[in-house]
Amino acid sequence: MNDTPQPSADSSVTDVVEPADDVLTGSGLAAEKAKRLAKIAGIRADGREPYPYRFDRSHTLAEIRAAHGDIEAGAETDAHVAVAGRLMLKRDTGKLIFANLRDRSDQIQLFISKAEVGDDAFASIADLDLGDWIGVEGSVMATRTGELSIKVQSLVLLAKAVRPIPDKWKGLTDTDTRFRQRYADLIVNEDARRAFQVRHATIQSFRTTLSGRGYIEVETPVLHMEAGGAHARPFVTHHNTLDLDLYLRIALELHLKRLIVGGMERVFEIGRIFRNEGMSTRHNPEFTMMECYQAFADVSDIIALTEELITNAARDALGTTTIDLDGEMVDLAQPWRQVRMIDLVAEATGVEVHPSQPLEQLRSLAAQHGVSCAPRWGSGKIIEELFEALCEHTLVHPTFVTGHPVEISPLARVDRNDPQLTERFELFIVGREFANGYSELNDPVEQRTRFEDEQAAKDAGDDEATGVDEDYLRALEYGMPPTGGLGVGMDRVAMMLAGVSSIKEIILFPTLRPEVL
RNA sequence: GCGCCUCUAGCUCAACGGCAGAGCAACGGACUCUUAAUCCGCAGGUUCUGGGUUCGAAACCCAGGGGGCGCACCA
């Protein structure tokens, strides 16, 4: 960079190896880390390894509790076990140490007797810090007070923690720290661990249900030439070798339907999608969508599938289909309401609405209800806006809102009984959208017309409208069978089942502004 | 993007313009059945950052930063 001579190396090296005395005797974070690093040096000086490569575990802690949880107070068994986990609590009574060991499955007490392990080993165990990873061999017992414990015969350090874990009782409550340092959150907060277990069970349940119905799981590109399949502002990136701007996908839809054209008949993908929009308790810029497509099916099949997927997920993740929705216990196993969007708006306004009505009539209805309209909006868009403003938040119980206007549904097939509406639904629960599905438009000529309408909107300044996807049209020209399709916001389903109110609670590493370190 | 709230020891929180403190963790000591062990002792601070007001600011004012909530945006 410049010609300034660098400081000589030996001026900066000398005080790095041995921490200064005042750091070792203090008790701030720097002092704490220095002490623990000094312990590591001491362990190595003893010829022991603070970070060994592996440990043979015979049982998880839950397995031990399942097998021996009912032994009597004071009982000693000859069950010899090897367990591993993180040291969470330590109670040192002099010649006995009680410690709490936690692994992924459970937490169990360690009973460490100086007479049993010997003076040297006892001293090194007493020197362990909360947060250290350890491996233990011993026998299963219960203390005089009946606490299931492992009587330690030997203990090895598996990984030394240099940084202290948060408060053993209060945990970590600062949301900023919890989301930035999810590792620390997971160490101390049981609720966080549980939420991600529910998320896992939810996604696993979807896979099981779909697999059981003959769907196969596929992976389609994240980098798109054209960000289609939804109305959303995309993230733009650039491929250097091709010298090409690409978009991160905003939906899975168009590639999955190409596979239906190819004859795969039943496909699904659970994948990350990206929308360059605002963040809230219900929106993260990257989130997880499940989309599935089934040949020879229409919207009614997909409505039934949606109900089954979510009800099964509740059963698999929670063991019940009765869940708390905004303080009200609702059984998901009961049939879900179906109602047309135009009927909900009519109910809310007392006036019949339909996309065939003159634009001026709908504009004035919107104005009466405080909904302002952009000049380019057609009747269908105004009806949707009225629905969102007046009806959406009232839908607490699971409700399939159906019959969306054609104008706002460029990929959905027209209703067989009403050419101004589509065979489409959105699922709402506690006022939030969870899913979207329809009978898929498979007529290539009509799809081209719909795309051209989108293109016109885009040209008119709608930066969420999509352009014409020529390759998708080419695929449709080969013939797509009648098809029903579904998209489900997996984060929102997991939120509902985990009972959390922010999407950041159900995404391990939510998007945050950069931290100043 | 706008409004409101918030930021103090590693963690959880006090201090209402007047000496920055407690609990946990840490450190030293006692204790062979604890359960957030207990008891005694000791130590630990850029009060988010930068300005300003004041004899005196963690507190009040201004600007900036992080976070939360709401609104806006959002198939």
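All chains are named by letter (A, B, ...) in the order of the sequence lines, taking the proteins before the strands, and each is independently numbered beginning at 1.
At a cut-off of 3.5 angstrom, the base of B/U34 holds at least one donor-acceptor pair with the side chain of A/Thr143. No hydrogens or angles were tested; on distance alone, nothing pairs the side chain of A/Glu147 with the base of B/U34 as donor and acceptor under 3.5 Å. No hydrogens or angles were tested; on distance alone, nothing pairs the side chain of A/Asp174 with the base of B/G67 as donor and acceptor under 3.5 Å.
A close approach under 4.0 Å does not occur between any side-chain nitrogen or oxygen of A/Lys170 and OP1 or OP2 of B/C24. Taking side-chain N and O atoms only, A/Thr281 has a distance below 4.0 Å to OP1 or OP2 of B/G70. Look at A/Lys95 and you won't find any side-chain N or O under 4.0 angstrom from OP1 or OP2 of B/U34. Within the structure, a side-chain polar atom (N or O) of A/Lys504 is placed less than 4.0 Å from OP1 or OP2 of B/G68. One finds no side-chain N or O of A/Arg282 lying less than 4.0 angstrom from the OP1 or OP2 phosphate oxygen of B/C74. Residue A/Thr173 places at least one side-chain N or O closer than 4.0 Å to OP1 or OP2 of B/U12. Within the 4.0 Å cut-off from OP1 or OP2 of B/A37, at least one side-chain nitrogen or oxygen of A/Arg91 is found.
We find that NZ of A/Lys114 is positioned 9 Å from P of B/C31, with the value rounded to whole Å. To the nearest angstrom, P of B/U34 lies 16 Å from NZ of A/Lys151. Regarding A/Asp132, its CG atom lies at a distance of 15 Å from the P atom of B/A25, rounded to whole Å. Across the protein-nucleic acid pair, A/Asp92 atom CG and B/A37 atom P stand 12 Å apart, rounded to whole Å. If you measure from atom CZ of A/Arg513 to atom C1' of B/G1, you get 10 Å, rounded to the nearest angstrom. With rounding to whole Å, A/Leu29 atom CG is found 14 Å from B/A26 atom P. Taking atom CZ of A/Arg233 as the reference point, atom P of B/A72 lies 16 Å away to the nearest angstrom. For the pair A/Ile273 CD1 and B/A75 P, the interatomic distance rounds to 11 Å; values are reported in whole Å.
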| Base-pair map of RNA chain B as dot-bracket, where | denotes pairing with a different strand and pairs are Watson-Crick or G-U under 3.5 Å | (((((((..((((....[..))))..((((.......))))......(((((..]....))))))))))))....

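Separating the C1' atom of B/U34 from that of B/A14 is a span of 31 Å, rounded to the nearest Å. When the P atom is compared between B/C5 and B/A75, the two are found 32 Å apart, to the nearest whole Å.
For the residue pair A/Glu384 / A/His404, no side-chain donor-acceptor distance below 3.5 Å is found, with atom types taken as modelled.
Of the listed nucleotides (B/A75, B/C11, B/U34), B/A75 has the atom at the smallest distance from the side chain of A/Glu433.
No engagement by A/Lys381 is indicated, since no non-hydrogen atom pair under 4.0 Å with the nucleic acid exists. In this structure, A/Gly487 reaches neither bases nor backbone, as no heavy-atom distance under 4.0 Å exists between it and the strands shown. At a threshold of 4.0 angstrom between heavy atoms, the contacts of A/Arg163 with the nucleic acid are absent. The residue A/Ser502 sits close only to the backbone: its heavy atoms come under 4.0 Å of sugar-phosphate atoms, none of a base. At a threshold of 4.0 angstrom between heavy atoms, the contacts of A/Asp167 include nucleobase atoms, whether or not backbone atoms are also involved. Counting any heavy atom pair closer than 4.0 Å across all strands shown, A/Ala251 reaches no nucleic acid atom. Here A/Pro510 lies out of heavy-atom contact (under 4.0 Å) with every strand. Counting non-hydrogen atoms under 4.0 angstrom, A/Ile408 reaches a base of the nucleic acid.
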| said: Please determine whether side-chain hydrogen bond (donor to acceptor under 3.5 Å, both in side chains) holds for the pair A/Thr220 and A/Glu269, giving the CA-CA distance in whole Å, both sets of side-chain angles, and the decisive distance to 0.1 Å. | reply: CA-CA 8 Å; A/Thr220 63; A/Glu269 179 168 8; 2.5 Å; yes

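The local environment of CZ in A/Arg376 is crowded, with over 12 non-hydrogen atoms from other residues, nucleotides or ligands closer than 6.0 Å. Residue A/Met279 places its CE atom among more than 12 non-hydrogen atoms of other residues, nucleotides or ligands, all under 6.0 Å distant.
The aromatic ring centroids of A/Phe509 and A/Tyr183 lie 6.0 Å or more from each other.
Between the side chain of A/Asp132 and the backbone N or O of A/Leu87 there is no donor-acceptor pair closer than 3.5 Å.
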